[in-house]
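Just so we're on the same page: letters track the sequence lines, and every chain starts at 1. For clarity, every value in this text was computed on a predicted model and none was experimentally measured.
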2 protein chains.
Amino acid sequence: MTENASAVLIGKKPIMNYVLACITFFHSGAKEVSIKARGRSISRAIDVAEVVRHRFLPDAKIKSISIGTDRFLPQDQEDGATATNVSTIEITLIR
Amino acid sequence: MTENASAVLIGKKPIMNYVLACITFFHSGAKEVSIKARGRSISRAIDVAEVVRHRFLPDAKIKSISIGTDRFLPQDQEDGATATNVSTIEITLIR
């Protein structure tokens, strides 16, 4: 994951909340904004990137998209409990 | 979207069905396999790419990831009906 960059972590709120967060970062002088999401929020992260690019900031470009896996160990270590894998995405927009 | 490549279109089936489809393409000689998804299936597409890479084909690499928007016009042209935008992803794996 990129450090030293403005990051928007996507959760369950409406898409426009995150779009506004991205635009605010750019308007406050950020050159790059990273949109990060995990699991089922990943499709929402792409919606956010597409809305920012197409509707609000046509000069914003996708610098990079990376995917990965986060591994969670179960809280209670019962017999047979296995780690859970969750996919992640990070979309970096640049202006 | 890439032409002339083996493509796996992600739907609502279990992830392992699509993982098996990718592996079958590679085993039958494909150098590249594209994993394509739209809307809520996008997070499943990333799961498929991660499982193929980490569990089955450690020599497979991500060649490219692209995102986009598909625009649907409503079927019945009522007053005020607007086009629907759906985000898309295409992950190209190379071996």
Side-chain angles (χ1 to χ4, degrees), chain A residues 1-2 8-19 22 32-58 60-73 82-95, chain B residues 1-2 8-19 22 32-58 60-73 82-95:
Chain A
M1 295 269 179
T2 316
V8 176
L9 188 59
I10 306 296
K12 302 282 180 201
K13 292 180 191 166
I15 289 170
M16 293 311 285
N17 293 32
Y18 305 111
V19 170
C22 292
E32 287 185 24
V33 175
S34 291
I35 302 166
K36 299 180 187 187
R38 261 203 306 233
R40 284 167 180 248
S41 300
I42 285 173
S43 60
R44 192 175 285 114
I46 296 181
D47 292 341
V48 170
E50 289 291 290
V51 170
V52 169
R53 275 203 308 157
H54 291 135
R55 208 186 306 174
F56 295 102
L57 299 173
K61 302 263 181 296
I62 293 171
K63 183 191 173 197
S64 65
I65 305 174
S66 63
I67 64 176
T69 303
D70 277 2
R71 208 174 157 79
F72 289 100
L73 289 170
T82 52
T84 312
N85 294 316
V86 178
S87 296
T88 63
I89 195 167
E90 178 173 359
I91 304 167
T92 305
L93 294 178
I94 195 164
R95 196 184 177 187
Chain B
M1 296 268 178
T2 317
V8 176
L9 189 59
I10 306 295
K12 303 282 179 200
K13 291 180 191 166
I15 288 168
M16 293 311 285
N17 293 33
Y18 305 112
V19 170
C22 292
E32 287 184 26
V33 175
S34 291
I35 301 166
K36 300 180 186 186
R38 262 202 305 234
R40 284 168 180 249
S41 300
I42 285 173
S43 60
R44 193 175 284 113
I46 296 181
D47 292 341
V48 170
E50 289 291 291
V51 171
V52 169
R53 275 204 308 158
H54 291 135
R55 208 184 308 171
F56 294 102
L57 299 173
K61 302 263 180 297
I62 293 172
K63 184 190 171 195
S64 64
I65 305 174
S66 62
I67 64 175
T69 303
D70 277 0
R71 210 174 156 77
F72 289 99
L73 288 170
T82 52
T84 312
N85 293 315
V86 178
S87 296
T88 63
I89 195 167
E90 178 172 359
I91 304 166
T92 305
L93 295 178
I94 196 164
R95 198 184 177 188

dist Ile91(A):CD1 -> Ile65(B):CD1 (nearest 0.5 Å) comes out at 9.0 Å
Suppose we screen for side chain to side chain donor-acceptor pair (under 3.5 Å). Which residues come up paired with Arg40(B), at least two apart in sequence or across chains? none
Would you check if Ile89(A) and Ile89(B) make a side-chain contact, meaning some heavy-atom pair closer than 4.5 Å? yes
Using non-hydrogen atoms and a limit below 4.5 Å, what part of residues 49-57 of chain A faces chain B? Ala49(A), Glu50(A), Arg53(A), His54(A)
Hits for salt bridge (Lys or Arg N to Asp or Glu O under 4.0 Å) against Arg38(A), two or more places apart or cross-chain, chain-then-number order -> Asp70(A)
Residues forming a side chain to side chain donor-acceptor pair (under 3.5 Å) with Ser43(A), sequence neighbours excluded: none
Counting heavy-atom pairs under 4.5 Å with chain A, which one of Val86(B), Ile62(B), Thr69(B) comes out on top? Thr69(B)
In short, Ile46(B) meets Ser87(A) closest at the heavy-atom pair CG2-CB, 3.6 Å
